[in-house]
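FYI, side chains are in, hydrogens and waters are out, and symmetry mates aren't considered; it's all heavy atoms of this structure. Being a predicted model, the structure only gives us computed values, none of them experimental. Whatever order the structure lists ligands and atoms in, that order sets their numbers, starting from 1. Numbering of residues begins at 1 and proceeds along the displayed sequence.
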Amino acid sequence: MSRLNKKISPSIMCGDWLNIEKMIYQLEAAKADWIHVDIMDGHYVPNITFGFDMVNQIRRIVDIPLDVHMMVYHPERFFNRFELDQRDIISVHYEAVEHMNQIIHMLKQKKVKIGIALNPGTDVSVLRTYVEDLYMVLLMMNQPGGYGKSMEAGMMDKIRETKTLINKSGKKVLIEVDGSVSYVLAGEMSRAGADIFVAGTSSIFNKTMDLRPSVQKLRRIVNHVEPNYYVHDLTSLKQSV
Ligand code: DX5
Ligand code: ZN
C-alpha cells in the first residue's frame, strides 16, 4: 500500500458516549477514513462497551466503513446480529476463537471484510495459515480492553515481522495498529509498515484539539509530511493549526 493511502480509524469508545451521533458526524466531517467500534464482552476483556444495535444504528447514519473490533469469546455466536456489508470489517481475536477456519467461512458468507486481531504476546506466525483469506491484521500495541495504556516492548518489530510475513504471502493484507497510537509513535509505526491507525485517547481524543485538526495532524504524521510531535507541543500548536 503506498504511504499516502494510510488510513485513520477513530475509536469511538474514546469519545463522548453521551453524544455519539454528533461525534460520528464530526469524525466524518474531519475526513476520518473508518470508524473503529470496540466490542467488549466483559469476559475476554475486563470491560463492556457497545452492542449490535449501536453498530447497526451507526451503520445507518454514515457511509464510511465500520471497523468492528470484537474483543469477544466465541464471536461467531453474534455475527448474524450485525447488519453490516462489504464496506465493513469485522476483526476477531485469534486468542478468543476455537475454529478460525469456521469463523473465516462465516464472515465470507456475510460478505464483510475479515480481520484477525493479535494481542501483544501472540506470535505473528499464527497468521500464516489464514493470511490468504484476510483483508487486515489488527495488531494490539498493548493489552486490549482499555485505553491510555503504553505501547508494550517489541511492538515496532512485530509490525515489521507482520509486514514481512504478508509480503512473503504475496497478498495485499493491511496492517492496523490499535492502542497507544500517539502523535509521537504513529510515524514510526507507519514506517514499520502499518497502514491503518486506530486513533484513541493517545491521539485525537486528547481534549486539547478539536477533532478535525487532530485527525489532520495524525494523517500528516503517518504520511510523513509532518514530524512526530510530543504531546506537550500540542497546546502551542493549537493556535497554529
Ligand atoms: C482498546 C481498544 C482501542 C483503544 C485505543 O482495547 O482496542 O481502540 O480505544 O485507545 P488508546 O489510543 O487510548 O490506546
Ligand atoms: Zn480496538
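For ligand 1, the polar-atom distance check finds no N/O of Met140 at less than 3.5 Å from any of the ligand's N/O atoms. Considering backbone and side-chain N/O atoms, Tyr147 never comes within less than 3.5 Å of an N/O atom of ligand 1. Backbone and side-chain nitrogen or oxygen atoms of Thr201 are examined, and one is located within less than 3.5 angstrom of a nitrogen or oxygen of ligand 1. Looking at ligand 1, you'll find an N or O of Ser180 within less than 3.5 Å of one of its N or O atoms. Between Ala199 and ligand 1, a contact under 3.5 Å exists for no N or O pair.
Rounded to the nearest 10 degrees, the angle OD2 (Asp178) to the Zn ion (ligand 2) to OD1 (Asp38) equals 170°. His36 contributes NE2 and His69 contributes ND1; the angle these two atoms make at the Zn ion (ligand 2) is 110°, rounded to 10°.
Defined by atom type and a distance below 3.5 Å, a donor-acceptor pair is missing between the side-chain atoms of Asp67 and His69.
The environment of Tyr73 atom OH is dense: over 12 non-hydrogen atoms of other residues, nucleotides or ligands sit within 6.0 angstrom. Atom CZ of Arg87 is surrounded by more than 12 heavy atoms from other residues, nucleotides or ligands within 6.0 Å.
Of the protein's non-hydrogen atoms, the one nearest atom 1 (C) of ligand 1 is Gly146 O, 2.8 Å. For atom 11 (P) of ligand 1, the closest non-hydrogen atom of the protein is Ser202 OG, 3.4 Å. Nearest non-hydrogen protein atom to atom 7 (O) of ligand 1 is Asp178 OD2, 2.9 Å.
Close approach to Cys14 involves these atoms of ligand 1, each under 4.0 Å from a residue heavy atom: 9 (O), 10 (O). Atoms of ligand 1 found under 4.0 Å from any heavy atom of Gly148 (numbered from 1 in listed order, with element): 11 (P), 13 (O), 14 (O). Taking every heavy atom of Ser11 and a limit of under 4.0 angstrom, the matching atoms of ligand 1 come to 8 (O), 9 (O). Interface of Gly179 with ligand 1, defined as ligand atoms under 4.0 Å from a residue heavy atom, comprises 14 (O). For ligand 1, the atoms lying closer than 4.0 Å to a non-hydrogen atom of Val198 are 8 (O). Distances below 4.0 Å separate heavy atoms of Met13 from the following atoms of ligand 1: 9 (O). Near Gly145, meaning under 4.0 Å from any of its heavy atoms, are these atoms of ligand 1: 1 (C), 6 (O). When each atom of ligand 1 is checked for a heavy atom of Asp38 under 4.0 Å away, the hits are 2 (C), 3 (C), 7 (O), 8 (O), 9 (O).
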Stepwise, does the salt bridge (charged side-chain N to carboxylate O under 4.0 Å, His left out) test hold for Arg219 with Asp33?
CA-CA 10 Å; Arg219 188 181 304 285; Asp33 297 288; 2.9 Å; yes

Check step by step if side chain to side chain contact (heavy atoms under 4.5 Å, CB included) holds for Tyr94 and Leu127.
CA-CA 9 Å; Tyr94 174 81; Leu127 296 168; over 6 Å; no

Criterion side chain to side chain contact (heavy atoms under 4.5 Å, CB included) on Met141 and Ile159, from CA distance to verdict:
CA-CA 9 Å; Met141 299 286 104; Ile159 299 170; 4.0 Å; yes

What's the verdict on side chain to side chain contact (heavy atoms under 4.5 Å, CB included) for Val72 and Arg77, showing C-alpha distance, side-chain angles and the deciding distance?
CA-CA 10 Å; Val72 175; Arg77 294 172 293 159; 4.2 Å; yes

Would Asp38 and Val198 count as a side chain to side chain contact (heavy atoms under 4.5 Å, CB included) if you check the C-alpha gap in whole Å, the side-chain angles of each, and the deciding distance to 0.1 Å?
CA-CA 11 Å; Asp38 290 303; Val198 173; 5.5 Å; no

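Relative orientation of the His93 and Tyr44 rings is tilted, given thresholds of 30° and 60° on the angle between their planes.
Cluster annotation: Met54 is not connected to Ile48 through the hydrophobic network of ILVMFWY side chains, with a link wherever side-chain heavy atoms come within less than 4.5 Å. By the rule that hydrophobic residues join a cluster once side-chain heavy atoms approach within less than 4.5 Å of another member, Val55 and Tyr25 end up as members of one cluster.
For the pair Lys217 and Tyr183, the cation sits on the ring face: its NZ or CZ lies under 6.0 Å from the ring centre, inside 45° of the axis.
With a 4.0 Å heavy-atom cut-off, ligand 1 is reached by no atom of Met141.
The shell of residues lying under 4.0 angstrom from ligand 1, judged by heavy atoms, includes Met40.
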